[in-house]
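This one's a predicted model, so the numbers in the text were calculated from it and none came from an experiment. This chain uses plain numbering: 1 for the first residue, then up along the sequence.
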Amino acid sequence: MMDELRDYRFYKEDMVHPSKLAVDYIWEKFSDVWLTKKALETTVKVGAVQRGLAHRPFNSESEEHQKFLKNIQEKITYLQKEYPFISF
């Protein structure tokens, strides 16, 4: 971060901590070098599940939301079969 991201836009207002832009840039560079293609695909799948779990519905009793929850649960089951060490 010190070498490539010297511009102020890469820091939060306190000018100490990295901004989201900086974190995303660093993650991209890190993952390109250190993660396999399969690992990157898994991070995308896990991220989709985590975003789904964080979703707050307008109407939690609606049929659409129940379908959504079932879909998320199916994704979790699939991921946990493939990677038993992952917990959500």
Side-chain angles (χ1 to χ4, degrees):
M1 176 148 184
M2 299 289 230
D3 292 337
E4 288 188 41
L5 307 180
R6 294 177 186 212
D7 194 293
Y8 67 90
R9 68 181 169 199
F10 296 111
Y11 293 88
K12 289 185 177 178
E13 292 80 22
D14 64 6
M15 300 304 285
V16 175
H17 296 93
S19 68
K20 180 173 178 359
L21 181 63
V23 171
D24 292 344
Y25 179 84
I26 292 167
W27 173 250
E28 181 181 328
K29 295 295 183 185
F30 174 84
S31 61
D32 286 347
V33 173
W34 294 104
L35 298 180
T36 64
K37 184 177 180 183
K38 185 174 181 179
L40 287 171
E41 291 169 358
T42 303
T43 62
V44 170
K45 292 175 187 175
V46 169
V49 169
Q50 288 178 325
R51 284 189 301 280
L53 292 173
H55 176 70
R56 299 292 170 236
F58 288 115
N59 180 3
S60 61
E61 304 300 319
S62 72
E63 183 179 328
E64 289 177 6
H65 183 65
Q66 297 308 312
K67 287 180 187 177
F68 175 78
L69 291 177
K70 184 179 177 186
N71 186 356
I72 292 293
Q73 189 57 51
E74 288 172 359
K75 289 178 182 179
I76 289 172
T77 302
Y78 170 78
L79 283 168
Q80 287 181 330
K81 272 186 191 175
E82 195 168 348
Y83 308 101
F85 54 87
I86 293 178
S87 61
F88 293 95

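The hydrophobic cluster containing Leu40 also contains Val33, counting ILVMFWY residues as joined when their side-chain heavy atoms lie under 4.5 angstrom apart, directly or transitively. Both Tyr8 and Leu5 are part of a single hydrophobic cluster, where members link through side-chain heavy atoms under 4.5 Å apart. Under a hydrophobic-cluster definition in which Ile, Leu, Val, Met, Phe, Trp and Tyr are linked whenever side-chain heavy atoms come within less than 4.5 Å, directly or via other members, Val23 and Val16 are assigned to different clusters. In the hydrophobic clustering of this structure, Leu53 groups with Phe85; members are Ile, Leu, Val, Met, Phe, Trp, Tyr whose side-chain heavy atoms approach within less than 4.5 Å, directly or through other members.
Grouping Ile, Leu, Val, Met, Phe, Trp and Tyr by side-chain contacts under 4.5 Å, direct or through others, leaves Phe58 on its own.
The stretch residues 11-32 participates, sequence neighbours left out, in these side chain to side chain donor-acceptor pair (under 3.5 Å) pairs: Glu4-Tyr25, Asp14-His17, Lys20-Asp24. Counting only residues at least two apart or in different chains, side chain to side chain donor-acceptor pair (under 3.5 Å) contacts with residues 70-82 comprise Tyr78-Glu82. Sorted by first then second residue, the side chain to side chain donor-acceptor pair (under 3.5 Å) pairs that include residues 38-55, not counting sequence neighbours, are Thr42-Tyr83.
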Donor-acceptor contacts under 3.5 Å from residues 61-69 side chains, at least two apart:
residue, atom, partner, partner atom, Å
Ser62, OG, Asn59, O, 3.2
Ser62, OG, His65, N, 3.1
Gln66, NE2, Ser60, O, 2.7

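Ala39 meets the side chain to side chain contact (heavy atoms under 4.5 Å, CB included) test with Leu35, Thr36; sequence neighbours excluded.
Of all heavy-atom pairs between Gly52 and Ile72, the closest is CA-CD1, 3.8 Å.
Taking a 6.0 Å sphere around CZ of Phe30, one finds it holds more than 12 heavy atoms contributed by other residues, nucleotides or ligands.
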